[in-house]
2 protein chains.
Amino acid sequence: MNTHICPSDGRDSLGALIGMVRGEIVRAIESDLAAQGADLKFTQFHMLKRLAMLGPMSASELARAVDLDGGAMTRQLDQLETKGYLRRQPHEQDRRALRIELTEAGEALWRHLHESNVATLERAQRTLSAEERERLHDYLERVLTALREKD
Amino acid sequence: MNTHICPSDGRDSLGALIGMVRGEIVRAIESDLAAQGADLKFTQFHMLKRLAMLGPMSASELARAVDLDGGAMTRQLDQLETKGYLRRQPHEQDRRALRIELTEAGEALWRHLHESNVATLERAQRTLSAEERERLHDYLERVLTALREKD
DNA sequence: ACAGTATAGTTGTCAAGGCAAATATGCGCG
DNA sequence: CGCGCATATTTGCCTTGACAACTATACTGT
């Protein structure tokens with residue numbers, strides 16, 4: 001007799017599937033980083049990317065942007081500041097907050113990493129048409145919105 | 001002068017978006033688990049679900065199924081075994097391997113958690129039509145396949 | 001059967017991240 | 001202004017997961 005409770009329908013649940021995709025994307029990007037000799041993990045790369053794309057912002061804005069705990073953010077900022085890729089400046093309107101900005105070295109690093117990142121994300125979606133990519137993006141944003149609404 | 005390098009096009013990259021969605025799904029499921037008084041984190045829930053849906057399997061098969069390192073798997077198995085939700089049995093064909101199977105308590109727990117898990121995943125996709133859910137699933141599987149192919 | 005290689009599971013070690021507490025500001029209201 | 005509450009950052013503590021080293025067993029080719 002078979003002991004499993006739910007007959008498998010051969011489909012992964014959305015949660016499992018998204019977890020797998022995320023894991024592969026992180027691994028692919030970290031592999032790029034290693035290949036280019038960049039001493040960054042995915043999280044630090046993500047911070048760098050956000051800052052490069054959106055410009056300076058406070059630490060908590062950055063934390064929200066990369067979905068990271070505030071405590072973890074402090075420590076990642078320490079590391080990236082030590083490596084010389086960013087600066088903590090005082091925030092102009094809010095004395096509690098910081099203005100995190102890339103240094104020239106940080107911007108240069110981003111320029112160096114930018115291309116292979118684009119290529120990797122392109123590779124991930126290479127079997128999707130432009131329209132399908134658009135829809136995937138749209139669906140994911142709708143799922144995200146649905147999850148964030150309280151009900 | 002503006003210091004950011006890449007003008008924002010207002011769109012998150014696929015990587016960032018998927019990371020966010022995964023984070024929200026994990027938080028939602030852990031919130032369910034807490035609400036039902038289940039002393040499980042997402043990873044353990046995921047293991048339980050896999051075992052319930054697919055039946056007994058070896059530890060490394062389970063590790064691959066939930067995308068977890070082998071070392072981490074050993075420790076999670078320790079915990080779930082201590083809680084009484086699963087058993088390590090000898091594998092019949094391979095003396096290196098284990099046959100991980102749910103106990104009656106583990107199956108009962110899964111029956112208890114199953115409904116709210118379905119409801120949460122349904123909630124996540126509530127703004128998508130059946131056809132759109134189908135497509136989302138399809139696109140994600142194609143992205144996963146593309147990422148796993150060496151090139 | 002034997003050597004070499006691959007895989008299963010366990011363990012030690014370490015870095016990353018979540019959570020809570022502490023401190024410093026901001027912000028709204030009487 | 002002063003009070004109460006929310007937010008920003010930092011730090012300590014703890015859990016989780018990755019990676020490497022190790023043992024045991026399987027597989028492959030000769």
Side-chain angles (χ1 to χ4, degrees), chain A residues 19-20 22-31 33-34 38-48 51 56-83 86-101, chain B residues 19-20 22-31 33-34 38-48 51 56-83 86-101:
Chain A
M20 288 290 191
R22 184 191 121 95
E24 291 293 338
I25 290 180
V26 170
R27 277 187 284 274
I29 290 178
E30 295 204 331
S31 149
L33 292 169
D39 184 25
L40 297 180
K41 295 297 196 54
F42 176 77
T43 298
Q44 297 182 350
F45 166 81
H46 196 185
M47 291 166 61
L48 197 75
L51 288 169
M57 66 187 82
S58 79
S60 48
E61 284 171 324
L62 184 55
R64 280 187 292 271
V66 299
D67 196 19
L68 195 63
D69 172 81
M73 178 54 61
T74 293
R75 285 177 271 256
Q76 295 300 335
L77 289 174
D78 290 343
Q79 290 193 35
L80 287 173
E81 195 168 36
T82 298
K83 291 179 208 263
L86 59 78
R87 262 188 299 269
R88 283 165 158 111
Q89 296 288 137
H91 194 288
E92 301 197 347
Q93 288 86 37
D94 188 342
R95 280 191 299 164
R96 293 169 302 179
L98 300 171
R99 172 191 163 95
I100 309 298
E101 58 183 35
Chain B
M20 288 290 192
R22 184 191 121 94
E24 291 294 338
I25 290 180
V26 170
R27 277 188 286 274
I29 290 178
E30 295 204 331
S31 150
L33 292 170
D39 184 25
L40 297 180
K41 294 297 196 51
F42 176 77
T43 298
Q44 296 182 350
F45 167 81
H46 197 3
M47 290 167 61
L48 197 76
L51 288 169
M57 66 187 81
S58 79
S60 47
E61 285 172 322
L62 184 56
R64 280 188 293 270
V66 299
D67 198 17
L68 195 64
D69 171 81
M73 178 53 61
T74 293
R75 284 177 270 255
Q76 294 300 336
L77 288 175
D78 291 343
Q79 290 192 34
L80 287 174
E81 195 169 35
T82 298
K83 291 178 208 265
L86 59 78
R87 262 189 299 269
R88 284 164 158 112
Q89 296 289 125
H91 194 288
E92 301 197 346
Q93 287 86 36
D94 187 341
R95 279 192 300 165
R96 294 169 303 178
L98 300 171
R99 172 189 164 96
I100 308 298
E101 57 183 35

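Chain naming here is simple, since letters A, B, ... match the order of the sequence lines and numbering starts at 1 in each.
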**Fill in**
One should read off an interatomic distance between B:L86 CG and B:I100 CD1, to the nearest 0.5 angstrom, of 6.5 Å
**Asked** Atom OG1 of A:T82 and atom CG of A:L77: how far apart are they, to the nearest 0.5 Å?
**Response** 10.5 Å
**B:F42 versus B:L33, closest heavy-atom pair with distance** = N-CD1, 4.4 Å
**Separation of C:dT10 C1' from B:R88 CZ (nearest whole Å)** = 9 Å
**Prompt:** How would you list, by chain and number, every residue that makes a side chain to side chain donor-acceptor pair (under 3.5 Å) with A:R95, sequence neighbours excluded?
**Reply:** none
**Prompt:** Can you find a pair of side-chain heavy atoms, one from A:L51 and one from A:M57, that are under 4.5 Å apart?
**Reply:** yes
**Set of side chain to side chain donor-acceptor pair (under 3.5 Å) partners for B:Q89, sequence neighbours left out** = none
**Asked** Taking any atom under 4.0 angstrom from a heavy atom of chain B, which nucleotides of DNA chain D are the first and last to qualify, 5' to 3'?
**Response** D:dT16 to D:dA26
**Request:** Applying salt bridge (Lys or Arg N to Asp or Glu O under 4.0 Å), name anything that partners B:R88, two or more places apart in sequence or on another chain.
**Result:** B:D78, B:E81
**Selection: residues 72-81 of chain A, any non-hydrogen atom under 4.0 Å of DNA chain C** = A:A72, A:R75, A:Q76, A:Q79
**Fill in**
In whole angstroms, the gap separating C1' of C:dA8 from CD of B:Q89 amounts to 17 Å
**Item:** Whole-Å distance separating the CZ atom of A:R95 from the P atom of C:dG26
**Value:** 5 Å
**Message:** Using the side-chain contact (heavy atoms from CB on, under 4.5 Å) criterion, which residues pair with A:A63? Sequence neighbours excluded.
**Reply:** A:M73
**Request:** Sequence neighbours left out, what passes salt bridge (Lys or Arg N to Asp or Glu O under 4.0 Å) with A:E30? Give chain and number order.
**Result:** none
**Integer-rounded Å distance: C:dG17 C1' and A:K41 NZ** = 12 Å
**Message:** For a quick check of understanding: with a heavy-atom distance under 4.0 Å over all strands, which category does B:D94 fall into, base, sugar-phosphate or nothing?
**Reply:** sugar-phosphate
**Asked** How would you list, by chain and number, every residue that makes a side chain to side chain donor-acceptor pair (under 3.5 Å) with A:R27, sequence neighbours excluded?
**Response** A:E24, B:D67
**Request:** Just report the end-to-end axis angle for the helix from C:dA1-D:dT30 to C:dG30-D:dC1, five pairs per end, to 10 degrees.
**Result:** 40°
**Request:** Please check if the side chain of A:K83 supplies one atom and the backbone of A:L40 the other of a donor-acceptor pair under 3.5 Å.
**Result:** no
**Request:** Grab the CD-C1' distance between A:E92 and C:dG26 for me, whole Å please.
**Result:** 17 Å
**Message:** If the condition is salt bridge (Lys or Arg N to Asp or Glu O under 4.0 Å), which residues does A:R96 pass it with, not counting sequence neighbours?
**Reply:** A:D94
**Item:** Spacing of B:D69 atom CG relative to C:dG9 atom P, expressed in whole Å
**Value:** 13 Å
**Prompt:** Can you tell me if the side-chain N/O atoms of B:R99 get under 4.0 Å from OP1 or OP2 in C:dG9?
**Reply:** no
**Request:** Find the distance A:L40:CG to C:dA16:P and express it as a whole number of Å.
**Result:** 11 Å
**Item:** Closest-nucleotide ordering on DNA chain D, the 5'-leading residue of A:L98 and B:D67
**Value:** A:L98
**Asked** Quick one: A:Q44 CD to C:dA16 C1', roughly how many Å, whole number?
**Response** 10 Å
**Fill in**
Residue set satisfying side chain to side chain donor-acceptor pair (under 3.5 Å) with B:Q44, at least two apart, ordered chain then number -> B:Q76, B:Q79
**Fill in**
When every non-hydrogen atom of B:H46 is compared with those of B:A65, the smallest separation belongs to NE2-O, 4.3 Å
With 3.5 Å as the limit, what N/O pairs link the protein to nucleotides 4-7 of chain C?
from  : atom 1 : to    : atom 2 : distance (Å)
C:dT7 : O2     : B:R96 : NH1    : 2.6

